[in-house]
Amino acid sequence: MNIKPKFLAPGDNSWQEDKVDIDAHVSTQFVYNGNHSLSIDLQRKRLPIYKLRNHIIYSLEKYQTLVLVGETGCGKSTQIPQYLVEAGWASDDKIIGITEPRRVAATSLANRVADERNCILGTDVGYAIRFDDCTDNTTKIKYLTEGILLREMMGDPLLTNYSVIILDEVHERTMLTDIIMGLLKKILRKRKSLRVIVSSATVDAEELRDFFNTNQSSKSRDKDTATILSVAGRLYPIEILYTVESLANYVNAVVETAIKINESEGPGDILAFLTGMDEVDRAVSLLAEHAKIVKEGQLKLMPLPIYGSLPNSEQLKVFWKTSNDSRKVVIATNIAETSITIPNITYVIDCGFVKLPWFDAETQTNSLIIAPISKASADQRAGRAGRTRSGKAYRLYTEQAFKELIDATPPEMQRSDLAPAVLQLKALGIDNVLRFSFPSSPPSKSLLSALELLYALGAINDNGELSNPLGLMMAEIPLDPVFAKCIITSGEMGCSEEITTILAMMQVQNVFIRPNSGQAAIKARIAHRMFEVEEGDLLTLLNVYTAYEKNKTNHWCQKYFINSKAMKRVTEIRIQMRKLIKKLQIPMKSCSVTVEGILKCITSGLFPHAAYLHYSGVYKTVRGNKDLYIHPNSCLYTLEQPQWILFGEILQTNKTYMRELTVIKPEWLVELAPHFYQKTAID
DNA sequence: GAGCACTGC
């Protein structure tokens with residue numbers, strides 16, 4: 001039968017360390033403070049938001065939901081929680097929660113507000129992120145990541161601890177923001193005392209108000225339950241400049257514009273946006289060439305790259321202050337649009353494009369597409385120039401082209417795999433996800449394929465209900481459904497030790513340090529080869545952790561080009577998973593018999609991600625017809641192509657690449673997932 | 001021979 005089935009000191013620890021977080025203690029990242037010589041009280045009163053203080057408090061008496069529009073830096077995220085406490089919203093043991101999409105934002109905002117209120121962090125003002133709950137029973141203002149709030153909902157579906165929930169950065173429309181908004185809409189109906197403040201940029205304010213408003217008759221506005229408030233303008237004006245004609249090459253244009261600014265404009269650092277690492281590196285080297293010739297009376301150009309996969313120590317250079325005779329030119333990917341705020345930028349250059357992840361439900365493929373940015377994104381980029389003084393934004397496209405841009409980037413929900421989201425919603429009692437009120441409905445095709453996958457994994461039954469105990473358990477595990485399934489079966493298959501380790505390793509990016517050139521690149525390659533096995537990347541990761549656990553020193557990590565900070569995080573995640581396994585009463589066992597046990601266990605969860613070697617020499621999935629390739633970073637890349645493999649994910653860039661591979665035997669698919677593979681096995 | 005950015009009891 002043929003089956004087709006914290007802040008590093010400059011120079012400290014050098015390039016080995018990867019990005020962990022640009023540390024929370026750099027408060028300059030988030031908070032504009034031009035009034036630093038004033039008392040804290042006076043400073044607070046000078047913020048643009050202060051004028052709205054009474055209006056906000058009054059509106060919150062009348063309306064259940066407030067959509068608050070205002071630009072970053074106006075003080076929304078730091079001041080509103082304090083106004084609410086001062087107005088008595090934190091009495092009766094209730095607290096005020098502020099969600100942030102990123103961990104650094106949650107911790108640094110909490111730090112800042114604790115400072116302003118002159119209290120110890122973790123008492124009156126606290127934060128909660130994964131592995132770090134810095135709150136106590138007196139906490140009144142709590143900054144938390146969106147993921148944490150969602151987890152809290154699982155234990156307390158009506159969020160009874162909170163009097164007010166503030167959703168920050170809603171314009172980013174992350175997957176979690178949208179899920180939380182949908183759920184809050186339901187909670188608001190049941191808890192009339194709860195208030196929600198949605199903090200956003202302008203574009204979607206009306207849409208969001210209408211979403212939360214329960215008054216459907218537009219004639220009697222006085223019965224509305226939601227309203228919009230706007231915080232006036234920005235601190236400093238930004239002049240926007242467009243090109244006269246559209247350009248052929250935006251990388252060259254970025255370089256030329258930077259040079260032109262240096263020749264004709266006053267002092268001030270430049271921030272340029274490009275789409276990816278390649279472009280950034282190219283622009284940096286072109287500028288570095290030019291920087292060698294310093295014309296008289298001109299500042300020396302100091303080009304600096306910044307992108308996610310850049311080692312931490314290199315990333316930190318963009319925060320260094322330049323000397324008086326030079327001008328910093330930071331060339332960035334989208335990381336500088338939201339995640340990293342570089343201080344003192346006067347000029348912004350915007351290429352007008354972005355790399356956007358796009359999920360195709362039909363082929364179950366994630367792609368990175370280069371797409372024109374949205375108007376909101378263009379304004380966000382421009383806004384990076386006017387944080388400490390007035391600035392200029394050079395848009396490398398025509399004004400007409402700007403007008404033709406879409407208003408906002410489609411919410412993540414509309415372009416992602418929804419299986420994790422649907423599992424969470426089911427666990428929160430949303431039986432019919434197709435009828436759930438999303439702020440923006442996702443494509444029904446994506447919802448259906450998510451349901452299909454969850455059904456195949458056994459997380460939901462024939463009636464579409466969460467299965468008990470499998471589905472319920474899967475929802476409790478903070479991993480993608482396919483991996484959650486692996487953990488659960490690992491108990492029965494006697495390899496939970498190994499599986500938890502592998503999955504903990506997979507949660508962390510950049511475990512391997514791969515210098516891109518020179519002697520170090522070769523050394524790293526040789527060192528990494530020590531861990532590689534023909535069974536694939538997942539087993540290789542297991543080897544890395546096992547070896548690390550015996551040594552656990554920075555010296556060892558350096559020697560083998562392993563990222564020690566990443567490994568420390570793996571250790572934390574692993575401990576957390578082991579606790580969870582205990583709670584779920586999954587037996588903790590080690591597979592002393594064979595590796596086959598582990599491989600089979602991986603198959604029991606990852607079976608929907610199987611691919612076989614087609615006679616044409618490329619891989620195909622059993623269902624789809626797309627040509628698939630082994631990613632060059634996989635340990636299998638240099639080996640003879642195995643007949644059958646499982647992949648962790650597929651990402652389409654220049655080619656469609658499979659990553660995080662495991663070599664399997666096809667009969668395991670039929671054995672472990674007969675409902676999924678038996679029909680196609682006839683061939 | 002390749003890498004937008006985030007997140008989780």
Side-chain angles (χ1 to χ4, degrees), chain A residues 18-19 21-22 99-106 128-133 144-156 169 172-177 179-180 273-281 305-311 332-340 351 353-358 366-371 373 377 380 409 412 415-416 420-421 423-424 427 475-480 483-484 503-504 507-510 512 514 516-517 521 525 569 572-573 575-584 629-634 637-638 651-659:
Chain A
D18 90 312
K19 68 159 187 176
D21 291 317
I22 294 293
T99 68
E100 297 293 331
R102 285 165 293 280
R103 295 196 299 255
V104 266
I129 60 176
R130 193 181 192 181
F131 304 127
D132 194 2
D133 183 352
L144 66 170
T145 45
E146 295 171 333
I148 295 274
L149 186 72
L150 193 67
R151 290 281 153 187
E152 287 187 4
M153 283 182 182
M154 291 176 108
D156 178 13
E169 313 280 8
E172 289 181 27
R173 298 297 295 273
T174 67
M175 176 95 84
L176 287 169
T177 318
I179 294 172
I180 288 170
F273 288 96
L274 287 168
T275 74
M277 185 184 88
D278 277 350
E279 290 173 8
V280 169
D281 285 343
I306 184 137
Y307 41 80
S309 57
L310 200 69
T333 61
N334 233 26
I335 197 171
E337 198 178 301
T338 50
S339 303
I340 292 179
C351 79
F353 290 87
V354 68
K355 252 184 207 168
L356 210 59
W358 207 277
N366 273 300
S367 315
L368 271 178
I369 54 170
I370 295 182
I373 56 170
S377 213
Q380 174 76 16
T409 311
E412 213 174 44
R415 48 187 178 87
S416 314
L423 183 62
Q424 294 303 314
E476 279 219 42
I477 301 170
L479 293 174
D480 260 27
F483 298 123
L503 294 178
Q507 299 313 296
V508 173
Q509 290 95 42
N510 309 324
F512 298 104
R514 298 185 171 107
N516 47 22
S517 62
R525 192 69 200 85
R569 189 158 170 89
E572 281 188 319
I573 296 175
I575 293 168
Q576 188 188 40
M577 281 189 189
R578 292 167 73 99
K579 277 188 195 157
L580 191 61
I581 273 195
K582 205 173 170 189
K583 194 183 148 205
L584 295 173
Y629 298 86
I630 292 177
H631 192 279
N633 279 352
S634 168
Y637 186 74
T638 50
L651 181 71
Q652 182 176 340
T653 49
N654 294 321
K655 279 180 178 175
T656 311
Y657 289 108
M658 301 176 288
R659 297 203 285 206

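Chain naming here is simple, since letters A, B, ... match the order of the sequence lines and numbering starts at 1 in each. Computed from heavy atoms alone, side chains included, the values below leave out hydrogens, waters and symmetry copies.
Nucleic acid contact class of E337(A) (heavy atoms, under 4.0 Å, all strands): none. No engagement by E172(A) is indicated, since no non-hydrogen atom pair under 4.0 Å with the nucleic acid exists. Across all strands, P101(A) comes closer than 4.0 Å only to sugar-phosphate atoms, never to a base (heavy-atom distances). At the heavy-atom level, L479(A) lies under 4.0 Å from base atoms of the strands shown. Within the 4.0 angstrom heavy-atom criterion, only backbone atoms of the sugar-phosphate kind lie near Q576(A); the bases stay farther away.
In this structure, a donor-acceptor pair under 3.5 Å is present between the side chains of Y307(A) and D281(A). A donor-acceptor contact closer than 3.5 angstrom links the side chains of E279(A) and T275(A). Between S377(A) and E337(A), the side chains place a donor N or O and an acceptor N or O closer than 3.5 Å (distance only, hydrogens not considered).
Within the structure, every side-chain polar atom (N or O) of T338(A) is placed at least 4.0 Å from both OP1 and OP2 of dC6(B). Side-chain N/O atoms of T333(A) include one lying less than 4.0 angstrom from OP1 or OP2 on dA5(B). Residue S339(A) places at least one side-chain N or O under 4.0 Å from the OP1 or OP2 atom of dC6(B). Considering only side-chain N and O atoms, R659(A) lies nowhere under 4.0 angstrom from the phosphate OP1 or OP2 of dG3(B). Remark: T174(A) is not in phosphate contact with dT7(B), judged by side-chain N or O atoms under 4.0 Å from OP1 or OP2.
Side-chain atoms of M277(A) lie closest to dG3(B) of the nucleotides dG8(B), dG3(B), dA5(B). Residue L368(A) places its side chain closer to dC4(B) than to any other of dC4(B), dC6(B), dC9(B). Closest approach to the Y307(A) side chain among dG1(B), dA5(B), dG8(B) is made by dA5(B) (side chain taken as heavy atoms from C-beta onward). The side chain of H631(A) has dA2(B) as its nearest neighbour among dC6(B), dC9(B), dA2(B). Across dC4(B), dC9(B), dA5(B), the shortest atom-to-atom separation from the side chain of R130(A) is found for dC9(B). For R102(A), the side-chain atoms get nearest to dC6(B) when compared with the rest of dG8(B), dG3(B), dC6(B). Side-chain proximity of L580(A) to the nucleotides dG1(B), dG3(B), dC9(B) is greatest for dC9(B).
The distance from atom CD of Q507(A) to atom P of dT7(B) is 13 Å, rounded to the nearest whole Å. A straight line from CZ of R514(A) to P of dA2(B) spans 13 Å, rounded to a whole angstrom. In this structure, E572(A) atom CD and dG8(B) atom C1' are separated by 13 Å, rounded to whole Å. Between the OH atom of Y657(A) and the C1' atom of dG1(B) there is a distance of 7 Å, given to the nearest Å. If you take CD1 of I340(A) and P of dC6(B), they are 7 Å apart, rounded to a whole angstrom.
Taking OG1 from T338(A) and CZ from R102(A), the interatomic distance works out to 4.5 Å, rounded to the nearest 0.5 Å.
Partners of T656(A) by side chain to side chain contact (heavy atoms under 4.5 Å, CB included), not counting sequence neighbours, listed by chain and number: T365(A), K626(A), L628(A), I650(A), Q652(A).
Counting only distance, with no hydrogens or angles, the side chain of R151(A) and the backbone of E476(A) share a donor-acceptor pair below 3.5 Å.
Each of I477(A) and L356(A) was assigned the nucleotide of DNA chain B with the nearest heavy atom; the assignment lying further toward the 5' end belongs to L356(A). Looking at which nucleotide of DNA chain B each of D278(A) and R151(A) is closest to, the 5′-most match is held by D278(A).
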